[in-house]
Colleague: 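Sharing a structure below in structure tokens format, with a few things to ask.
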Amino acid sequence: ALSVGTSVGLILRGPAPVGTWLPQGFGQPDTGLYRALAALHARDPITGPAVKTGLAERGFTEGVLNGAEPPRDRYSFPALALAAGKLLAAAQGPRIAALEMGGWDTHAGQRARLQGTLTTLDRGILALKDGLGAAWSRTAVLVMTEFGRTVRANGTNGTDHGTGSIALLAGGAIKGGRILGTWPGLAPGQLLDNRDLA
């Protein structure tokens, strides 16, 4: 197994040996850190414009920071997914890889922020497919999250941590086009504690 990132994710921890890989020179923090820095300096007449200009020059435009578009840096999730696909496709390469992607913790302004995050995920899966080449036909991709979301939006147009979630499967080894599992419904009487998917 191969963990692509700065640490081995929980899904790969256990008795089996796991390798880790990052491209040389990787050190790019998550977009959320840059968003917080921009917000911290936004009202300062000197550092505000300087931070904004510096971030834009590194590819962190206002659209990237507010989540409406994905980051364009060379270590973006799609670039890492492409590299992971190539490693997985190698004859002596790993059979399992795990990649992590941030930007999903949307407690405010969720609709606009998810547009960029979902676009990045989409591009990442397509890049993984490109990297795998012919091996895609024998591949299963699992997209999952470690937390759920509430059914209703909160006062800042986001969703807070809840119990409901999904996992997506893709890849040539998957018979797709189906929803598996029991759908409990979204009517008020069907919700857990009147806030969560049961």
Side-chain angles (χ1 to χ4, degrees), residues 1-36 59-60 64 67 69-107 110 113-149 159 161-181 197:
L2 175 68
S3 179
V4 180
T6 55
S7 63
V8 177
L10 288 174
I11 196 166
L12 292 181
R13 293 183 191 172
V18 175
T20 58
W21 175 82
L22 275 178
Q24 185 176 357
F26 183 88
Q28 180 97 345
D30 184 67
T31 305
L33 176 63
Y34 292 123
R35 185 182 307 115
F60 290 91
V64 172
E69 58 186 84
R72 293 181 292 270
D73 64 286
R74 65 188 177 117
Y75 297 128
S76 64
F77 181 75
L80 292 176
L82 176 66
K86 290 178 180 178
L87 291 169
L88 287 163
Q92 299 300 317
R95 293 185 57 235
I96 299 169
L99 292 89
E100 186 173 337
M101 187 186 132
W104 300 101
D105 208 359
T106 52
H107 292 281
Q110 179 169 286
R113 288 178 58 195
L114 281 183
Q115 181 178 347
T117 307
L118 288 167
T119 299
T120 300
L121 175 62
D122 180 56
R123 291 178 182 169
I125 293 173
L126 290 173
L128 179 65
K129 181 181 180 183
D130 288 345
L132 283 163
W136 176 259
S137 66
R138 304 183 311 275
T139 298
V141 178
L142 169 64
V143 180
M144 58 178 280
T145 179
E146 82 279 12
F147 59 82
R149 285 296 182 182
T159 54
H161 296 271
T163 61
S165 189
I166 61 168
L168 304 174
L169 292 169
I174 301 297
K175 182 182 175 185
R178 302 177 292 160
I179 297 175
L180 303 175
L197 189 68

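Everything numeric here is computed off the predicted structure, so don't read it as measured data. Keep in mind that the numbers below use all heavy atoms, side chains included, and drop hydrogens, waters and symmetry copies.
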Colleague: Identify the two heavy atoms, one from Ala173 and one from Arg138, that lie closest to each other, and give their separation to 0.1 Å.
Modeller: CB-C, 3.8 Å

Colleague: May I ask you to decide whether Arg149 forms a salt bridge with Asp105, counting only side-chain N to carboxylate O separations under 4.0 Å?
Modeller: yes

Colleague: Quick check for you: to the nearest 0.5 Å, what is the distance between Ser3 atom OG and Ile11 atom CD1?
Modeller: 10.5 Å

Colleague: Would you indicate whether Leu180, at its atom CG, is surrounded by more than 12 heavy atoms from other residues, nucleotides or ligands within a distance under 6.0 Å?
Modeller: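 Yes, the 6.0 Å shell around CG holds more than 12 heavy atoms from other groups.
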
Colleague: Looking only at non-hydrogen atoms, find the nearest pair between Ile174 and Ala140 and report the distance.
Modeller: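 In terms of heavy atoms, the two residues are closest at CD1-CB, 3.8 Å.
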
Colleague: Using side-chain contact (heavy atoms from CB on, under 4.5 Å), reason through Val141 and Leu168 one step at a time and then give a plain yes or no.
Modeller: CA-CA 8 Å; Val141 178; Leu168 304 174; over 6 Å; no

Colleague: Would you give the length of the straight line joining atom CG of Leu118 to atom CZ of Arg113, rounded to the nearest 0.5 angstrom?
Modeller: 12.0 Å

Colleague: Minimum heavy-atom separation for Leu82 to Gly131, with atom names?
Modeller: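 Looking at all heavy atoms of both residues, the shortest contact is CD1-N, 3.6 Å.
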
Colleague: When you look at Lys129 and Ile125, which way does the side-chain contact (heavy atoms from CB on, under 4.5 Å) test go after all the steps?
Modeller: CA-CA 6 Å; Lys129 181 181 180 183; Ile125 293 173; 5.7 Å; no

Colleague: To the nearest 0.5 angstrom, please state how far the CH2 atom of Trp104 sits from the CD atom of Glu146.
Modeller: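 Trp104 CH2 to Glu146 CD: 11.5 Å, rounded to 0.5 Å.
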
Colleague: Determine the minimum heavy-atom distance between Leu12 and Ala1, stating which atoms define it.
Modeller: CD2-CB, 4.0 Å

Colleague: Applying side-chain contact (heavy atoms from CB on, under 4.5 Å) to Thr120 and Met101, what does each step give before you reach the verdict?
Modeller: CA-CA 9 Å; Thr120 300; Met101 187 186 132; 3.9 Å; yes

Colleague: Would a distance-only check, ignoring hydrogens and angles, find a side-chain to backbone donor-acceptor pair under 3.5 Å from Thr163 to Leu197?
Modeller: yes

Colleague: Identify the heavy atoms of Leu99 and Ala84 that sit nearest to each other, and give their distance.
Modeller: CD1-CB, 4.1 Å

Colleague: Please confirm whether the backbone N or O of Val8 pairs with a side-chain atom of Arg13, one donor and one acceptor, at under 3.5 Å?
Modeller: yes

Colleague: How close do Gly102 and Thr117 get, heavy atom to heavy atom, and via which atoms?
Modeller: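 In terms of heavy atoms, the two residues are closest at O-CG2, 4.0 Å.
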
Colleague: Checking Val4 against Leu2 for the side-chain contact (heavy atoms from CB on, under 4.5 Å) test, could you report, in this order, the C-alpha distance in whole Å, the side-chain angles of both residues, the deciding distance, and whether it holds?
Modeller: CA-CA 6 Å; Val4 180; Leu2 175 68; 4.0 Å; yes

Colleague: With rounding to the nearest 0.5 angstrom, report the CG to CG distance, Leu132 to Leu87.
Modeller: 10.0 Å

Colleague: How long is the span from the CZ atom in Phe77 to the CG atom in Asp122, to the nearest 0.5 Å?
Modeller: 11.0 Å

Colleague: About how many Å separate CG of Leu80 and CH2 of Trp21, when rounded to the nearest 0.5 Å?
Modeller: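 Rounded to the nearest 0.5 Å, the CH2-CG separation comes out at 6.0 Å.
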
